[in-house]
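What follows is a short report on a single structure.
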Amino acid sequence: QVQLVESGGGLVQAGGSLRLSCAASRGTFSIYAMGWFRRAPGKEREFVAAIGWSSTNTYYADSVKGRFTISRDNAKNTVYLQMNSLKPEDTAVYYCAANSLGYGSSWLESGYDYWGQGTQVTISS
């Protein structure tokens with residue numbers, strides 16, 4: 001019943017910043033957590049960041065901790081990913097995900113039941 005649409009991807013030089021957005025088509029009353037995953041060329045999809053309903057519980061992969069910030073605006077049914085100090089290794093397709101189950105690990109793909117189509121992020125060296 002929920003559709004997720006990512007936006008904000010593009011091309012930026014190393015050291016620059018980019019902000020991704022993910023909007024849900026319907027209300028988020030039944031959504032517990034939202035997260036971001038990414039898939040780099042030739043690699044498997046990996047966890048990036050996650051946020052709970054209250055926005056006080058956030059989780060980050062070690063590779064992005066201190067550089068990326070996840071936030072959530074429940075009134076707009078939108079989750080954001082602010083990416084700073086970008087590196088060429090951050091180049092990937094970024095996917096938004098939502099959990100309406102109320103259980104599961106936020107750092108695993110199995111912890112989400114809704115997924116967006118992905119948005120391309122390219123970092124030049």
Side-chain angles (χ1 to χ4, degrees):
Q1 293 183 333
V2 178
Q3 293 185 355
L4 305 176
V5 180
E6 303 99 332
S7 62
L11 174 65
V12 66
Q13 289 188 335
S17 299
L18 207 60
R19 189 191 193 195
L20 304 182
S21 299
C22 174
S25 60
R26 289 194 172 187
T28 57
F29 179 80
S30 62
I31 296 180
Y32 175 73
M34 301 186 74
W36 290 93
F37 289 76
R38 67 185 183 186
R39 185 172 62 204
K43 296 185 178 181
E44 297 181 352
R45 187 155 58 182
E46 64 177 356
F47 169 76
V48 176
I51 187 169
W53 174 258
S54 68
S55 296
T56 59
N57 299 321
T58 57
Y59 311 90
Y60 298 94
D62 290 339
S63 60
V64 306
K65 190 173 299 182
R67 299 188 299 120
F68 291 11
T69 302
I70 188 171
S71 61
R72 181 174 183 172
D73 188 339
N74 292 340
K76 297 181 179 179
N77 295 328
T78 302
V79 64
Y80 306 93
L81 184 67
Q82 178 66 47
M83 304 184 293
N84 299 326
S85 302
L86 286 164
K87 306 175 181 179
E89 306 92 271
D90 295 318
T91 295
V93 175
Y94 284 71
Y95 298 88
C96 175
N99 176 299
S100 65
L101 303 173
Y103 61 87
S105 299
S106 61
W107 57 90
L108 298 176
E109 293 188 23
S110 60
Y112 300 89
D113 53 336
Y114 292 99
W115 291 84
Q117 77 284 3
T119 184
Q120 177 69 51
V121 172
T122 303
I123 312 302
S124 61
S125 59

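Keep in mind that the numbers below use all heavy atoms, side chains included, and drop hydrogens, waters and symmetry copies.
Trp36 and Ser21 make their closest contact through CH2-O, 3.7 Å (heavy atoms, listed as atom of the first residue, atom of the second, distance). The heavy-atom pair separating Ile123 from Thr91 by the smallest distance is N-OG1, 2.9 Å. Nearest approach of Val93 to Gly118, heavy atoms of both residues: CG1-CA, 3.9 Å. Between Phe37 and Ser106 the shortest heavy-atom distance is CZ-O, 4.0 Å. Considering every non-hydrogen atom in both Gly10 and Leu18, the closest pair reads N-CD2, 3.9 Å. Closest approach of Cys96 and Val79 over heavy atoms only: SG-CG1, 3.8 Å.
Arg72 forms no cation-pi arrangement with Tyr80, by the criterion of a distance under 6.0 Å to the ring centre and an angle within 45° of the ring axis.
Met83 and Val12 fall within a single hydrophobic cluster, where Ile, Leu, Val, Met, Phe, Trp and Tyr side chains are chained together by heavy-atom contacts under 4.5 Å. Tyr60 is connected to Val121 through a chain of hydrophobic side-chain contacts under 4.5 Å among Ile, Leu, Val, Met, Phe, Trp and Tyr, so both are in one cluster.
Dense packing is recorded around CH2 of Trp115, with more than 12 heavy atoms of other residues, nucleotides or ligands lying under 6.0 Å away.
A heavy-atom distance below 4.5 Å is not found between the side chains of Gln82 and Leu20. The closest side-chain heavy-atom distance from Leu4 to Met34 is below 4.5 Å. With contacts defined as side-chain heavy-atom distances shorter than 4.5 Å, the pair Gln3/Tyr114 does not qualify.
Ion pair Lys65/Asp62 flagged as a salt bridge, since at least one NZ, NE, NH1 or NH2 atom sits closer than 4.0 Å to an Asp/Glu carboxylate oxygen.
Annotation: disulfide bond (SG atoms under 2.5 Å apart) contacts involving residues 46-90, sequence neighbours excluded, are absent.
Taking OG from Ser63 and CG from Asp90, the interatomic distance works out to 7.5 Å, rounded to the nearest 0.5 Å. Separation of atoms OG (Ser124) and CD (Gln13) is listed at 4.5 Å; rounding is to 0.5 Å.
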Let me have the donor-acceptor pairs involving side chains of residues 41-51, under 3.5 Å, with sequence neighbours excluded, atom names and distances please.
from: Arg45; atom 1: NE; to: Glu109; atom 2: OE2; distance (Å): 3.3
from: Arg45; atom 1: NH2; to: Glu109; atom 2: OE1; distance (Å): 3.2
from: Glu46; atom 1: OE2; to: Arg38; atom 2: NE; distance (Å): 2.8
from: Glu46; atom 1: OE2; to: Arg38; atom 2: NH2; distance (Å): 3.3

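Checked by atom type, the side-chain pair Ser17/Asn84 shows a donor-acceptor distance below 3.5 Å.
In this view, Tyr95 satisfies the ring-ring contact (aromatic ring centres under 6.0 Å, His included) rule with no residue, not counting sequence neighbours.
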